[in-house]
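Below is one structure, written out as C-alpha cells; the observations come after it.
Scope of the values below: all heavy atoms of this structure, side chains included, with no hydrogens, waters or symmetry mates.
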Amino acid sequence: MISVVIPAYNAARTLPACLDALNDQTVPRDQYEVIVVNDGSTDATGQLARERGAIVIDQPNQGSSAAKNTGVRAARGDLVLFVDADCVPVRDWVAHLTCAMFDPTVAAARGSLDTRQWSGVALFTQVEREEKDALQARLREIAFVPSVTAAFRRDALLAVGLFNTSLPTDEDAELSFRMIEHGYRMIYVPAARVYHVHPEHVSEYFRRKFRYAYWRIQIHRRFPQRIINDTFTPQTQKVQVLLFYLLLAFLPFFPFSRRARRGFLLTLGGFLVTSLRLIKFAWQRRGRRVALWVVPMLFVRAAAGGFGLLVGLLDEVRRQER
C-alpha cells in the first residue's frame, strides 16, 4: 500500500484538480490511498475531498507541519507521498516516485515543479526552480527534499521525529537535514512532475522569500554546515544577498563621494555578472520575455532574502538574551 498525503487549508479552489489528477494515475487506484488533512479550513475543502474519494481527516488549524504529521500517523502505506493542494501531478507521478523507492538505500525522493501560468513573476519563479533542479540533477544524492512533491519511507519519517511543528515554513528543509544527519539517502526524480501555482505578483514573491530567509536562521543555527551547501541553493544567490547589502551601504554616499560612486557601480556590475548565468538559462528555457524579468526579480529576491535573514538574526539574538 502507498499513501498520498495532502495538507490542505482553505484549498477549495485548487484541491479538486489535484485530486482528479491523483484519481487518474497510471498506478491502479486500489494500490494507493489518498489522505487529505483538512487543517481547520473554513471553506468546502473537506466536502470536495470526500466527493472525490479521499480519506479526510479534520483537525483544528495547526499549520502545514502538523497536518503532514497527522497524515503520516494515519497512513497505512510503507511509502508516504506528499503533494500540496495547489499542485496537479502528471499521470505517472505516483509511478515515478514509487519506482525510485524500489532502491532500498533510498529513504526519500523529490520530484520537480512545472507551471501553466503565464505571468512574468510566475515564470521567473519557475526558471529559478529549474536552475536549482539542474544543480540537483547532477548529484547522486541530495540534502533537501521539498514536500511539495516527494516520497518518504514512513519508518524513516517516524525515526527522525516527523516535521518540526515550530516552523511555519521551510519545515521540509529542516526535516531533510535531520534525515541526512541520521544517515538516510535522498535522491531527485525529475520525471515525478507536478504543475504548481507560483506567486503571480512581486509582493507575494517578496513575502514568500522573506519568510523562507527568516526561518532559515533557526534551521541554520542547528545545521550550520548547510549554510555553505544545501545542494539546492545556488552559490550566486548567496553572493547576491551580500552584493545587495553593499549597494545599500554605498547608496547614501553616492551623491557626495566619487569613491562611493565607484564602489556602487563596481558592486552593481558584480551583481549583473552573477546574473548572467540565470539570464542565459531563462532565455534558453522560456524565451526573451522571461529573461528580461531576471535582473529585476533577482534584486527583489536578494532584498527579500537579505531582510529576512537580518530580521531573523535579530530576533534570534533577542531570544538568546532572554
For R138 and D133: C-alpha separation, side-chain torsions, deciding distance, then whether salt bridge (Lys or Arg N to Asp or Glu O under 4.0 Å) applies. CA-CA 9 Å; R138 296 197 291 264; D133 289 350; over 6 Å; no
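- Salt-bridge annotation for K280 and E131: absent, with no side-chain N of the basic residue lying under 4.0 Å from a carboxylate O of the acidic one.
- The structure places CZ of R73 at 12.5 Å from CD1 of I35, a figure rounded to the nearest 0.5 Å.
- Using a distance-only test at 3.5 Å, with no hydrogens or angles considered, no donor-acceptor pair links the side chain of K68 to the main chain of P7.
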Working note: D24 + R91, criterion salt bridge (Lys or Arg N to Asp or Glu O under 4.0 Å); need CA distance, chi angles, decisive distance, verdict. CA-CA 6 Å; D24 188 33; R91 286 199 73 231; 3.4 Å; yes
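- One N or O on the side chain of S112 and one on the backbone of P190 form a donor-acceptor pair closer than 3.5 Å.
- The backbone N or O of S41 sits nowhere less than 3.5 Å from a side-chain atom of N10 that would complete a donor-acceptor pair.
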Before you tell me yes or no, could you show the steps for F144 and D172 under side chain to side chain contact (heavy atoms under 4.5 Å, CB included), namely the whole-Å CA-CA distance, both residues' side-chain angles and the distance that decides it to 0.1 Å? CA-CA 8 Å; F144 178 33; D172 39 17; 3.7 Å; yes
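- Looking only at side-chain heavy atoms (C-beta outward), V90 and Y195 come within less than 4.5 Å of each other.
- Using a 4.5 Å heavy-atom cutoff, the side chains of V34 and Y32 are in contact.
- Using a distance-only test at 3.5 Å, with no hydrogens or angles considered, a donor-acceptor pair links the side chain of T98 to the main chain of V94.
- Contact record, W93 with A150: CZ2-N, 4.3 Å, taken as the closest heavy-atom pair.
- Summarising the geometry, atom CZ belonging to R13 is positioned 8.0 Å from atom CG belonging to D86; distances are rounded to the nearest 0.5 Å.
- Side chains of Q117 and S119: no donor on one and acceptor on the other come within 3.5 Å.
- In this structure, the side chain of E204 engages the main chain of E200 through a donor-acceptor pair within 3.5 Å.
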Evaluate side chain to side chain contact (heavy atoms under 4.5 Å, CB included) for V121 paired with M297, printing each intermediate quantity in order. CA-CA 8 Å; V121 174; M297 288 303 297; 4.1 Å; yes
Given R319 and E316, is the salt bridge (Lys or Arg N to Asp or Glu O under 4.0 Å) satisfied, shown in steps? CA-CA 5 Å; R319 279 190 290 268; E316 184 64 24; 2.9 Å; yes
Please report the C-alpha distance between N23 and R52 in whole Å, then the side-chain angles of each, then the deciding distance to 0.1 Å, and finally whether the side chain to side chain donor-acceptor pair (under 3.5 Å) criterion is met. CA-CA 8 Å; N23 286 332; R52 285 162 173 79; over 6 Å; no
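- Side-chain atoms of Y205 and E128 form a donor-acceptor pair, as typed in the model, at a separation below 3.5 Å.
- Cluster annotation: F82 is not connected to V194 through the hydrophobic network of ILVMFWY side chains, with a link wherever side-chain heavy atoms come within less than 4.5 Å.
- Counted within 6.0 Å of CG on D78, heavy atoms from surrounding residues, nucleotides or ligands total 12 or fewer; the atom is thus considered open.
- Residues L113 and V148 are in side-chain contact: their nearest non-hydrogen atoms beyond the backbone lie under 4.5 Å apart.
- Side-chain atoms of M179 and R185, non-hydrogen and from C-beta on, never get closer than 4.5 Å to each other.
- Of all the heavy atoms in C18 and P89, the pair that sits closest is O-CD, 4.1 Å.
- At least one donor-acceptor pair closer than 3.5 Å links the side chain of S176 to the backbone N or O of V145.
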Passes salt bridge (Lys or Arg N to Asp or Glu O under 4.0 Å), D103 versus R153? Steps please. CA-CA 11 Å; D103 182 344; R153 296 197 188 279; over 6 Å; no
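- Distance check, rounded to the nearest 0.5 Å: CZ of F253 to CG of L251 gives 10.0 Å.
- You'll find the side chain of P234 reaches within 4.5 Å of the side chain of L135, heavy atoms only.
- The shortest distance between side-chain heavy atoms of D170 and L167 does not fall below 4.5 Å.
- Between L81 and F152, every side-chain heavy-atom pair lies at or beyond the 4.5 Å cut-off.
- Between the side chains of Q59 and D39, at least one donor-acceptor pair of N or O atoms lies under 3.5 Å.
- A distance-only check finds no donor-acceptor pair linking the side chain of T267 to the backbone of L243 [under 3.5 Å].
- In the hydrophobic clustering of this structure, V4 groups with L97; members are Ile, Leu, Val, Met, Phe, Trp, Tyr whose side-chain heavy atoms approach within less than 4.5 Å, directly or through other members.
- Across all their heavy atoms, A54 and V36 have their closest contact at CB-CG2, 3.8 Å.
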For F244 and V300: C-alpha separation, side-chain torsions, deciding distance, then whether side chain to side chain contact (heavy atoms under 4.5 Å, CB included) applies. CA-CA 10 Å; F244 175 77; V300 173; over 6 Å; no
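- Listed here is the closest heavy atom pair of A100 and V189: CB-CG2, 3.5 Å.
- Of the residues listed (F264, F299, Y245), the one engaging F271 in a ring pair (Phe, Tyr, Trp, His ring centres under 6.0 Å) is F299, and it is the only one.
- The hydrophobic clustering, which links ILVMFWY residues whose side-chain heavy atoms are closer than 4.5 Å, places F223 and I180 apart.
- Taking the six-membered ring wherever Trp is involved, the centroid distance between the rings of F210 and F307 does not fall below 6.0 Å.
- Rounded to the nearest 0.5 angstrom, L247 CG and L268 CG are separated by 6.0 Å.
- You'll find the side chain of W293 stays beyond 4.5 Å of the side chain of L123, heavy atoms only.
- Follow the hydrophobic side-chain contacts under 4.5 Å out from V88 and you reach I6 in the same cluster.
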Verify side chain to side chain donor-acceptor pair (under 3.5 Å) between Y214 and D315, making sure each step is shown before the conclusion. CA-CA 9 Å; Y214 177 91; D315 283 352; 2.7 Å; yes
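- Of all heavy-atom pairs between G305 and A213, the closest is O-CB, 3.4 Å.
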Please step through side chain to side chain contact (heavy atoms under 4.5 Å, CB included) for the pair R221 and I217, ending with a clear verdict. CA-CA 6 Å; R221 181 170 60 85; I217 291 295; 5.7 Å; no
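- Taken from OG in S64 to OH in Y9, the straight-line distance is 13.0 Å, to the nearest 0.5 Å.
- A side-chain donor-acceptor contact under 3.5 Å links R154 to the backbone of V72.
- No chain of hydrophobic side-chain contacts below 4.5 Å, direct or via other Ile, Leu, Val, Met, Phe, Trp or Tyr residues, connects M1 to V56.
- Test H220, Q225, R216 against D230 for side-chain hydrogen bond (donor to acceptor under 3.5 Å, both in side chains) and you get one pass: R216.
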Only pairs under 3.5 Å count here: list side-chain donor-acceptor contacts from residues 155-162, not counting sequence neighbours, and write none if there are none.
none

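- Remark: the backbone N or O of F163 is paired with a side-chain donor or acceptor of N69 at under 3.5 angstrom.
- A pairwise comparison of heavy atoms in L298 and S275 identifies CD1-OG, 3.4 Å as the closest pair.
- Counted by atom type alone, T115 and Q126 present zero donor-acceptor pairs between their side chains at under 3.5 Å.
- With K238 contributing its side chain and I227 its backbone, the two residues share a donor-acceptor pair below 3.5 Å.
- Relative to the ring axis of Y188, R193 does not place its NZ or CZ within 45° and under 6.0 Å from the centre.
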